[in-house]
Structures are given as structure tokens and as C-alpha cells.
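To start, the structure itself, in C-alpha cells.
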There are 2 protein chains.
Amino acid sequence: MNTQQDVLAVAERARAASHGLALATRAEKDRALHAMADSLLAHQDEILAANDEDVARAETAGTPPNIVDRLRLTPDRLAGMAQGLRDVADLPDPVGEVVRGSTLANGLELRQVRVPFGVVGMIYEARPNVTADAAGICLKSGNAVLLRGSSSARSSNAAIVAALRTAVGDADLDPDVVQLVPGDSHESVKALMRARGHVDVLIPRGGAGLIRSVVEESTVPVIETGVGNCHVYVDRAADLDKALAIVLNAKTHRTSVCNSAESLLVHADLVDSFVPLVVAALQDAGVTIHGDAAFQAHEGVVAATDEDHAAEYLSLDMSAAVVPDLDAAIEHIRRFSSQHTDAIVTEDLGAARRFTAAVDSAAVLVNASTRFTDGGEFGFGAEIGISTQKLHARGPMGLPEMTSTKYVVTGDGHVR
Amino acid sequence: MNTQQDVLAVAERARAASHGLALATRAEKDRALHAMADSLLAHQDEILAANDEDVARAETAGTPPNIVDRLRLTPDRLAGMAQGLRDVADLPDPVGEVVRGSTLANGLELRQVRVPFGVVGMIYEARPNVTADAAGICLKSGNAVLLRGSSSARSSNAAIVAALRTAVGDADLDPDVVQLVPGDSHESVKALMRARGHVDVLIPRGGAGLIRSVVEESTVPVIETGVGNCHVYVDRAADLDKALAIVLNAKTHRTSVCNSAESLLVHADLVDSFVPLVVAALQDAGVTIHGDAAFQAHEGVVAATDEDHAAEYLSLDMSAAVVPDLDAAIEHIRRFSSQHTDAIVTEDLGAARRFTAAVDSAAVLVNASTRFTDGGEFGFGAEIGISTQKLHARGPMGLPEMTSTKYVVTGDGHVR
């Protein structure tokens, strides 16, 4: 089997199908999205049976229970996936939106209009719900999608994509706008990363290792997503009740997600007031604190290394340090942050202004938990991921971020 | 000499300097831009003497006269570079612009704000005026810039950058926001392309070979610019006078630029009416036509290969073909266009709508010369290049395209 050729072949079918999808009206696309939701429910038995195979294989292989849980589909989770597709149908169509426009001095009419990318490649890990989410968001934004999920979910993904493709065809769109990338091996991921000119953009979603390898090896343009070493800085002028609630929420509300906090910084003036409070509260919540000397004065706090300050734990661990002032906090964040989300807790307007201007992250929060950096929380309705790069899209990516633009210029025989 | 280390060292100085520049006010940046313009004129003698060295070296090496001409600076050209810097000062500051904003249901205040990229790398060919243009655009958009010009212009670029850095320092900004990349060899270009995490974005400007190598080898995110195989399609419903004027202007107004037309497509109904006219007019203007069978019926037309249909000639050559209908024209453009600029000449609204929707290029023109795809013509005031990729920016890039965004979210102790 020649993986490279197989991957280019599906990419070319996706390209051909994308031409029609780019011209589809919102009504046609919304009809397809509802058909896709209906089809997931109609094929529930096949999808759950396929998922049982994946779960059994994972359990036999000794996969940790939390990973098996992510892999598992239930009637409820499937209903959630179907509802997600209907929610995308309810969102406005980004394609055709006029971003800017004017009539030039010479009478030429200039419009910058949103258009689909064309063919999008998604490379993602265990959760099979991403398969339906990504297909829905790409279809609504006029993009054909090539889906390369985890091989541990291969039966589930195949069953889901089969159900979605049937629905797309029934809705009179070309089913090749939604395709699985053939091949289970890393070779198929490599082929996708080398398909420049065939695939317009690659979006990796998953752990830091996956994302780093895609970013470094891909010749296709990449949108980097989601690694989060998020900081909470408690300023001298913080309201300590708000600070305590925010630190606890940011760290413990859900530890496995990229917008949970991993690092705590506290102003030196609060060593005797806030530090004991926050150490006790975090430890009560089961958090292991990896602290600097000031934090290590408290029992149970273990010593932090530079690796701790840089870590995305995704667990009940948190690095912690005391800083002499706001500028030292900004310097620490510049050194260690993954530039996803960083927060300050302060009642001082000047400190808030300086922090939000100087910290160069996708989201900078004042007096709010880092957990708010999320497409749903921001009101975008659907989210394909959270970009941590500076090109194209930064922060939660909704439907408009899944488009490019073109200039349409209309004249009457204009020459220079 | 260790090129990689030297390049990373200048990148780190640029990073440190970029923090201050990102916070500079418009007034501070505009003062620096005027100081840079003044300094170019004050150092005219040194700059022209350095340029004489480059020109002499190029002539000794047998460089073609048109390339030597691009390299040559004169008092007039230097005055033009200074005026370009003052023009950038007159443009609005993109940094701090609120792109969107709202108050969420829970009272969180959300703003998406333009911010600089940080450190921009420019890799470009012969013309030394790009050195001042790029420095000005980057400074105004709050970015530190690493300049890697052609080694044939090394003395000129060194003298220009010295003059600019003096002015930046005199205007109380850190001179390290404008730096030359050390080293003349291809190793320094390679080091720049591998400086992921140190350089935020790379913009190559030059020939197709340079751009392709940067796109394929760089791990730093790239904005691809400027290769143009632009088409003019003359539809059945074209006004033939307008069509003739547009084809001639698009091909012959300036042949060496990316927005000149390289390919002509004519509807089959116009074989006896328009084709003889356009062949005669192009040949009168000195154009060699590389045509299909229908065009070869005319004397002096040479046979076109697929390479001709795909070529960016940048010379008085043009490929030409007759197509049976509009959809065949769209198919031909899909196959051969570089997706820079493609134009239709037609009085038929339906044909114009179908062409502008179906042709997936950075700019799609109706009844206008391809030469209009240009930041100056579009009213953007300054242009760093014309992007032919779909991520981030597409078409002429002005100051807003030289920025990223961040979300600033303000609450009052909000937790999830």
C-alpha cells in the first residue's frame, strides 16, 4: 500500500468536492447539517457497536481508564454530538461576509469577502466526538475536511464518518467533503503534512508532542492549538477573596483542559496574608504545590524546578512563586508562559492596564478565571480549537476563523 | 563563525527591544519614522558611496543591466525612500484597534485587540529600497524586524540600516528593533528559517525560487508572497474595446511585476472577432504569444505547452488559449493560476458573479486590469507584499496585516 498516493487521492477528491461546497448556500449547508445529526441517531446501533470494539481493544491493551473513558460513546454522548451539529446549523454563515469594502477614487469597487480555505486537514487524538464536531464546523464554513483521528478510535470514526457521508449525499452535497484519511500508521499523518498544494491548512488537536511534531514537520500551513501553561498572578492590590476563588477555580474546575491554570504567582507583599490561605485551600482541594522558597515554608509544598514553572501538568499539580513586583511577574510569564491565557487579580487599574498590555498571550484576563478562554464562553457558538500562534487566528477559533478572504474588484474597463 | 548562534543572538536582542516597541504610542513611533527619513537624507553621501561599491561589484560580476538598475540608488530614489517613511507615519496605527468586543451574559467584558507579532524576519532580493520600506512598516506596526537582503546589496543595506538605527535611538526607541541579519551566506537564511520561537513570522519577497525554498524549509510561520501567473479571460459578452485595453495594459504596462498578466483566455465565440485584434495589438506592442491551435492560426504565434500556461514570464511573453465556455475558463484557471489575480472581461452580470465566486484567487477582477492588485491602488497606503496564501492575510498586505490580536477579558472575580 502506497500511503502517500492514497492520501493525495483522497485530498484530490476533497478538492474537487470543495468547489461545489464553496458555492453552496447557507440553506443547503444547514440542511446537510441537520441530515448529519439525524443520521448519527439513525445509525446509533452501528456506531456504538463499532465503539465497543475500540473500547475493548483499548482495555485489552491496558489503556488507562481515563483515556478509555474519553474514547467511550454512549447514547447520551451521541445525542450531544447530534445536537452540536444542529447548533452549528443555527450559527450565521461566515462565507460571503464582506469584511471591508470601498469605492476607490477611480471608481473601482473593492470588496474583501470571506471565502472557505478549501481543504482542511484535522489531526486529533482519542475523543471520537471531535470527528462530528470538526465535520460540522468545516462543512458550515464551506471547507472539505480530511479527518485523521487516533488509531485507537478507528472503528468509531469509520462508523461516524460513514453515517455523516450518507447524510451529506442525501442532502445533495458531494459526500467527499467529509473523508477519513486512509491508513492507521504514522505514515498517513506524514503524508498529510507533506500534501502542500493539496491541503490548504492543517489543524492538530491533542497533546503537546503531537502538536510539536506537526508544527515542525509540516510543509502545509498549520494552525497550532491548545498547549496551555496558564498563569494566575495575584497582585499586591488584589481582593484576596476574589483571588482565592479564581485560583481554586482555575486550577481545580477541570484539570485536564488547556485553559486550566498551572502556575501561580503572588506579589511579595502578600507572603504573610495570601500565601498561607491559598496553600491551605489548594491542599484541601488535593493540589500538590511545587513552590519556590517562600512557598516551601509551608508544609507539604515540594520544591519547584524550571521544568515545573514551564509544565502543563493537566493534573492536580501547580507551580508557585513569589515575585517582588508586577514587572517581575510579567518577566516570569514571558519566560515560562505558553502564551495561551494569563490572568491578573487586582483592583488597581494601572496594574491591570500594564499587565494586559505587556503580557503577550492569546487571552489576558483581569479578575477572572483562566477557564473562561473558550469558544463557548466567548459566545462563538462552536469552536474547532484554541490557537496559540500569532498568524491568522489567536485564541478560540469559531466559524469566521475557518475562512480566508478574497478581494473582488469591479470596474468598467479600468486600466492603469 | 557560528551563524546559527549569531542569528539567534540578534533575534533575542530584537525580542527584548520588541517589548518596549509594542507599548510605544503612535506619537513615539511617528517621531521615529520622521527621524529615520531625516537620517537617510543626512547620510546620503555614505549611503550612495556604499551603493557604488555594490553596483561596481555587480557590474564586475557581469550582472545583467536590469538587475544592476534595480540595485542602483540615486538622490531621487533615496528621497523616495525617505518620503515612504513619512507616508507610513501618516497612516493610522493598527496596534490597539479593537477588532470586536462585547459584554458577555455573565458581565465579562470581552475585547479582541490588534497587537504586534513581535519579531518579523524579512528575506528579500536586490532592491535596497525594501530595507527602508520594511523597517518603516514593521516599526509602525510595533514589530522588531530582522532584515536579510541580497548579498549583492550588502554595503547599501548596511549603510541604510546604520542610518535608520541612529535615528531610532535618537527618537528614544531601542535601535535593536531594526537589525541586519549577520552573515552573507545561505547559512544565515537557514538559521532564520529555523528560529522558531525566536522569530514570529517570516516574509520572503523575491523570485519564485526564493519563496518556494522558504515555504518548504521554514519552521517559523511564513507569509508567502507574490508569485503571479495572472489570467485575463475575455468572455463571450465582453465589450471588445474594454477587453483590448485591459489585456494590453495587464500585459505590457510593466512586465516585471507579479500583478502583470501572463495568460489570456478567450471565449470560442470570439475566435473570428477578438482573437485577430488582440494578436495584432499584442504583437505590435512586442509581445510573443504562446498560443493554442486557434491562436497559432495567426502568424508569429508560437505553440504553447503546459509549462507556458503555468509560466510567470515577467517578460513580453503571454500564453493564450481559446476556451469553449465560462466553465472551461474557470477550470483552466483552477489548473494553472498561481491564485494571485485573475480577471474577467464581460458585460454579463451572471458571468461576472459566477467567475468571482468560483475563481479562488487573492483578487478576482471584473472589467479591470490585473495591475490594480496593489496596496497603493487599493488605498492601503503602504504595502509589505502581496500574500498568495490563504492563512492570515491574502492579497496586498498593509499595516493591519502586520499584526496579530489578543483577547482582553475583564471581570470582577468571575469563576466558572
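Sequence lines set the chain letters: A, B, ... in the order given, protein chains first and strands last, and positions in each chain run from 1.
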> chain B heavy atoms under 4.5 Å from A:Ala22: which part of the residue, side chain, backbone, both or neither?
Replying inline: neither
> Among A:Thr410, A:Leu391, A:Ile344, which residue forms the greatest number of heavy-atom pairs with chain B at distances under 4.5 Å?
Replying inline: A:Leu391
> So what's closer than 4.5 Å to chain B heavy atoms on A:Ile246: side chain, backbone, both or neither?
Replying inline: both
>> Heavy-atom cut-off 4.5 Å, strictly under: side chain, backbone, both or neither for A:Arg111 against chain B?
In response: neither
>> With a 4.5 angstrom heavy-atom cut-off, is it the side chain or the backbone of B:Ser102 that approaches chain A, or both, or neither?
In response: neither
> Considering all heavy atoms of both residues, which atom of B:Arg394 and which atom of A:Ser404 are nearest to each other, and what is their separation?
Replying inline: CD-OG, 3.4 Å
> Given a strict heavy-atom distance threshold of 4.5 Å, which part of A:Arg371 is in contact with chain B: side chain, backbone, both, or neither?
Replying inline: both
> Any idea how B:Tyr407 and A:Phe380 line up, ring-wise: parallel (<30°), tilted (30 to 60°), or perpendicular (>60°)?
Replying inline: tilted
>> Quick check on A:Val408 against chain B: is it the side chain, the backbone, both or neither that has a heavy atom closer than 4.5 Å?
In response: both
>> I'd like to check B:Asn367 versus A:His414 (side-chain heavy atoms, cut-off strictly below 4.5 Å). Are they in contact?
In response: no
> By a 4.5 Å heavy-atom criterion (distance strictly below it), what part of B:Asp241 contacts chain A: side chain, backbone, both, or neither?
Replying inline: neither
> Counting only N and O atoms by type, is there a donor-acceptor contact under 3.5 Å from the side chain of A:Ser369 to the main-chain atoms of B:Val415?
Replying inline: no
> Which region of A:Arg354, side chain (C-beta onward) or backbone (N, CA, C, O), has a non-hydrogen atom less than 4.5 Å from a non-hydrogen atom of chain B, or is it both or neither?
Replying inline: side chain
> For A:Val345, is it the side chain, the backbone, both, or neither that has a heavy atom closer than 4.5 Å to a heavy atom of chain B?
Replying inline: neither
> With chain A, which of B:Arg254, B:Gln389, B:Arg100 has the greatest number of heavy-atom pairs at distances under 4.5 Å?
Replying inline: B:Arg100
> Checking heavy atoms, do the side chain of B:Leu23, its backbone, both or neither come under 4.5 Å from chain A?
Replying inline: side chain
> Which bit of A:Arg334 comes within less than 4.5 Å of chain B, counting heavy atoms only: side chain, backbone, both or neither?
Replying inline: side chain
> Picking from A:Gly379, A:Ala245, A:Ala357, A:Ala393, which has the most non-hydrogen pairs under 4.5 angstrom with chain B?
Replying inline: A:Ala357
>> Taking side chain as everything from C-beta outward and backbone as N, CA, C, O, which of these in A:Val113 sits under 4.5 Å from a heavy atom of chain B? Side chain, backbone, both or neither.
In response: neither
>> Between A:Glu377 and chain B, with a heavy-atom cut-off of 4.5 Å, which part of the residue counts as in contact: side chain, backbone, both or neither?
In response: both
>> Would you say that more than 12 heavy atoms from the other residues, nucleotides or ligands in this model lie under 6.0 Å from the CZ of B:Arg212, or not?
In response: no
>> Does any backbone or side-chain atom of A:Glu401 lie under 4.5 Å from a heavy atom of chain B? Answer side chain, backbone, both or neither.
In response: side chain
>> When you measure from the side chain of B:His392 to the backbone of A:His392, do you find a donor-acceptor pair of N or O atoms at a distance under 3.5 Å?
In response: yes
> Taking all non-hydrogen atoms of both residues, which atom of A:Phe378 and which atom of B:Val409 are closest, and how far apart?
Replying inline: CZ-CG2, 3.9 Å
>> Given heavy-atom pairs under 4.5 angstrom as the criterion, report whether the side chain, backbone, both or neither of A:Ser218 touches chain B.
In response: neither
> With a 4.5 angstrom heavy-atom cut-off, which part of A:Leu104 approaches chain B: side chain, backbone, both or neither?
Replying inline: side chain
> Taking A:Ala105, A:Ala368, A:Ala243, A:Gly395 one by one, which has the highest count of heavy-atom pairs under 4.5 Å against chain B?
Replying inline: A:Ala368
>> side-chain contact (heavy atoms from CB on, under 4.5 Å) for A:Val201 and B:Lys390? Distances and angles first, verdict last.
In response: CA-CA 8 Å; A:Val201 55; B:Lys390 293 183 185 174; over 6 Å; no
>> With a 4.5 angstrom heavy-atom cut-off, is it the side chain or the backbone of A:Leu110 that approaches chain B, or both, or neither?
In response: side chain
> Sequence neighbours excluded, which residues qualify as side chain to side chain donor-acceptor pair (under 3.5 Å) partners of A:Arg353?
Replying inline: none
>> If the condition is side chain to side chain donor-acceptor pair (under 3.5 Å), which residues does B:Glu12 pass it with, not counting sequence neighbours?
In response: B:His198
>> Please determine whether side-chain contact (heavy atoms from CB on, under 4.5 Å) holds for the pair A:Asp412 and B:Lys242, giving the CA-CA distance in whole Å, both sets of side-chain angles, and the decisive distance to 0.1 Å.
In response: CA-CA 8 Å; A:Asp412 186 35; B:Lys242 293 178 193 168; 2.6 Å; yes
> Taking 4.0 angstrom as the limit, do B:Arg194 and A:Glu216 come out as a salt bridge?
Replying inline: no
> Are the side chain of B:Lys406 and the backbone N or O of A:Thr356 linked by a donor-acceptor pair below 3.5 Å?
Replying inline: yes
>> Between A:Thr219, A:Thr373, A:Asp200, A:Asp360, who has the most heavy-atom pairs with chain B when the cutoff is under 4.5 Å?
In response: A:Asp200
